[in-house]
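Note that this is a predicted model, so its numbers are computed, not measured. For the numbers below, each heavy atom of this structure counts, side chains included, while hydrogens, waters and symmetry mates do not.
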Amino acid sequence: MVAAENFWGSIAQQLGGTRVEVASIIDNPNTDPHAYEPTAANARTLATARLAIVNGVGYDAWASKILDANPVDGRVVLSVGKLVGASAGANPHRWYSPPDVERVIARLSADYQRLDAGHAAYYAAQRRAFERRGLAQYRGLIAQIRSRYAGVPVGASESIFAPLAGALGLRLLTPGRFL
């Protein structure tokens with residue numbers, strides 16, 4: 001399994017457990033996926049993947065180009081942007097949207113079960129465990145912030161915060177409307 005970015009790769013590894021080996025192409029937080037230049041080794045890793053996850057929405061166009069140039073029968077490509085219905089020009093930072101993350105989790109779990117049907121129960125158990133541990137804490141923090149700060153106006157200089165602001169119940173101020 002190959003993920004273009006490690007934030008999706010981390011989720012994929014937790015859902016796949018010991019039955020899945022995930023390679024994340026971009027695993028350094030200081031790397032800008034918009035400007036990333038894949039290596040030949042990156043291209044080979046993506047080209048031979050049975051399951052690939054890309055962010056889409058223009059964030060990692062290089063990954064989709066590599067996959068499109070190297071079709072493989074039976075390969076599953078999960079484009080997060082397509083999954084969540086984010087059209088060209090939309091905010092590509094989908095990992096900041098809790099509902100989008102939930103949809104990715106559901107799809108990855110289903111893809112694992114379909115690709116390795118003999119171990120479907122294992123993947124279902126991995127998802128339940130992930131939801132009980134990691135996601136429970138994530139959801140709890142969101143609920144705590146929402147409960148305490150719902151409706152509070154906040155400003156952000158980057159679009160990356162917009163999906164999370166909504167989930168937290170914060171009122172994101174638009175430029176020109178700051179206090």
Report task. Could you list the residues that satisfy side chain to side chain contact (heavy atoms under 4.5 Å, CB included) with Ser87, not counting sequence neighbours? Result -> none
Query raised in the report: Hey, does the side chain of Thr45 reach the backbone of Ala41 with a donor-acceptor pair shorter than 3.5 angstrom?
Result: yes
Query raised in the report: Quick one: CD on Gln13 to OG1 on Thr18, what's the gap to the nearest 0.5 Å?
Result: 9.0 Å
Query raised in the report: Do Asp60 side-chain atoms and Val54 backbone N/O form a donor-acceptor pair below 3.5 Å?
Result: no
Query raised in the report: Less than 4.5 Å apart, any side-chain heavy atom of Val80 and any of Trp95?
Result: no
**Report entry** Derivation of the side chain to side chain contact (heavy atoms under 4.5 Å, CB included) call for Phe161 and Leu172
**Finding:** CA-CA 9 Å; Phe161 187 64; Leu172 188 60; 4.0 Å; yes
Query raised in the report: How would you list, by chain and number, every residue that makes a side chain to side chain contact (heavy atoms under 4.5 Å, CB included) with Ala47, sequence neighbours excluded?
Result: Asn70
Report task. List the steps and the verdict of side chain to side chain contact (heavy atoms under 4.5 Å, CB included) for Leu108 and Trp8. Result -> CA-CA 10 Å; Leu108 271 173; Trp8 298 124; over 6 Å; no
Report task. Could you list the residues that satisfy side chain to side chain contact (heavy atoms under 4.5 Å, CB included) with Arg114, not counting sequence neighbours? Result -> Val76, Asp111
Query raised in the report: Can you list every pair that meets ring pair (Phe, Tyr, Trp, His ring centres under 6.0 Å) and has a residue in residues 125-147, with sequence neighbours left out?
Result: none
Requested in this report: With sequence neighbours left out, write down each residue that passes ring-ring contact (aromatic ring centres under 6.0 Å, His included) with His119, or none if nothing qualifies.
Outcome: none
Query raised in the report: Taking it one step at a time, do Ile25 and Trp62 satisfy side chain to side chain contact (heavy atoms under 4.5 Å, CB included)?
Result: CA-CA 11 Å; Ile25 302 294; Trp62 52 269; 3.6 Å; yes
Query raised in the report: With Arg148, which residues qualify under side chain to side chain contact (heavy atoms under 4.5 Å, CB included), at least two apart?
Result: none
Report task. Specify whether His93 and Tyr96 have parallel, tilted or perpendicular ring planes, treating 30° as the upper limit for parallel and 60° as the lower limit for perpendicular. Result -> tilted
**Report entry** Leu78 backbone acceptor or donor facing Arg107 side chain under 3.5 Å
**Finding:** no
Query raised in the report: Picking from Arg127, Arg94, Arg139, what satisfies salt bridge (charged side-chain N to carboxylate O under 4.0 Å, His left out) with Glu102?
Result: Arg139
**Report entry** Polar side chain donor-acceptor pair, Asn42 to Tyr36, under 3.5 angstrom
**Finding:** yes
Query raised in the report: Passes side chain to side chain contact (heavy atoms under 4.5 Å, CB included), Val154 versus Leu168? Steps please.
Result: CA-CA 11 Å; Val154 295; Leu168 297 173; over 6 Å; no
